[in-house]
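Below is one structure, written out as structure tokens, with a few remarks after it.
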Amino acid sequence: MTIRVIIVDDQAMVRAGFAALLSAQSDIDVVGEAADGRAGLEVSRSTHPDVVLMDVRMPEMDGLAAARAILSPPPGVIHVPKVLMLTTFDVDDYVYEALRAGASGFLLKDAPPADLIAAVRIVAAGEALLAPSVTRRLIADFATQRPAPRKDPSLRLKGLTPRETEVLELIARGLSNREIAEQLVLAEQTVKTHIGRVLAKLALRDRAQAVIFAYESGLVRPGSS
């Protein structure tokens, strides 16, 4: 199955470089480009991509506003792609807010080409791009230093079984499905089932939101091991 991608970035050279790199992959098709968030929203609605590579800082409409519009479409818009934020900074408030809005993760623009290709495939497959330790650090910092108003997330934890709570904690610590399976001595498919139930019970979009929820609810605290 071919992964349809659009690239939204105000730098023409960045768009061209990313497009050339991704188009060279047999399983990735770049179906559109845009130089600002507003145009990116229009291109997304017309091309129905699987993944949107979205720059954080752009004119007209920044990446955060565009991500929110794409991920929370008005009635009648059925297709909702995955959004992968692009940034030149390893710490950016916009990235945190984008994760809250439902973005599937972020990638530094100076990451190796192989990382960009892998990121597109990971996000297209429905996973969140949260493996790198830098991402865990950023989200932990966000949850403690930039808390947003919320309705007692700790109360929602009561709806989880002990095993589901354990799985959520390990997700928040950055473990992959395989690593969780090894630690809990479970089959990997069983772990996937638990994760699906956790997301459904907590009304979370994906692993990215699960990590943020785990920190905000107090289930996991920064610096704990």
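Throughout, residue positions are numbered sequentially from 1 according to the sequence presented.
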* Asked: Given Leu116 and Leu21, is the side-chain contact (heavy atoms from CB on, under 4.5 Å) satisfied, shown in steps?
  -> CA-CA 9 Å; Leu116 172 64; Leu21 177 65; 3.7 Å; yes
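- Between the CD1 atom of Ile6 and the CZ atom of Arg15 there is a distance of 11.5 Å, given to the nearest 0.5 Å.
- Judged by distance alone, the side chain of Asp50 and the main-chain N or O of Arg4 form a donor-acceptor pair under 3.5 Å.
- Atom CD in Glu169 sits 9.0 Å away from atom OG1 in Thr165 (nearest 0.5 Å).
- Of the possible polar contacts, one joining the Ser46 side chain to the Val43 backbone as a donor-acceptor pair under 3.5 Å is found.
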* List the steps and the verdict of salt bridge (charged side-chain N to carboxylate O under 4.0 Å, His left out) for Arg57 and Asp62. => CA-CA 5 Å; Arg57 301 175 185 275; Asp62 65 28; over 6 Å; no
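- In summary, Glu166 and Arg163 engage in a salt bridge, as defined by a charged side-chain N under 4.0 Å from a carboxylate O.
- Put simply, the side chain of Asp9 gets close to the backbone of Gln11: a donor and an acceptor are under 3.5 Å apart.
- At a threshold of 4.5 Å between side-chain heavy atoms, the hydrophobic network of Ile, Leu, Val, Met, Phe, Trp and Tyr places Ile117 and Val120 in one connected group.
- With hydrogens and angles disregarded, no donor-acceptor distance shorter than 3.5 Å links the side chain of Arg38 to the backbone of Met61.
- Distance CG/Leu202 to CZ/Arg197: 13.5 Å, rounded to 0.5 Å.
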* List the steps, then state whether side-chain contact (heavy atoms from CB on, under 4.5 Å) holds for Leu84 with Ile122. => CA-CA 10 Å; Leu84 178 62; Ile122 288 170; over 6 Å; no
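- Side-chain atoms of Glu164 come within 3.5 Å of backbone N or O of Thr161 as a donor-acceptor pair.
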* **Test log, rule side-chain contact (heavy atoms from CB on, under 4.5 Å), inputs Leu184 and Val167** => CA-CA 9 Å; Leu184 300 182; Val167 169; 3.9 Å; yes
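- Formation of a donor-acceptor pair under 3.5 Å by the Thr190 side chain with backbone atoms of Leu186 is not found in this model.
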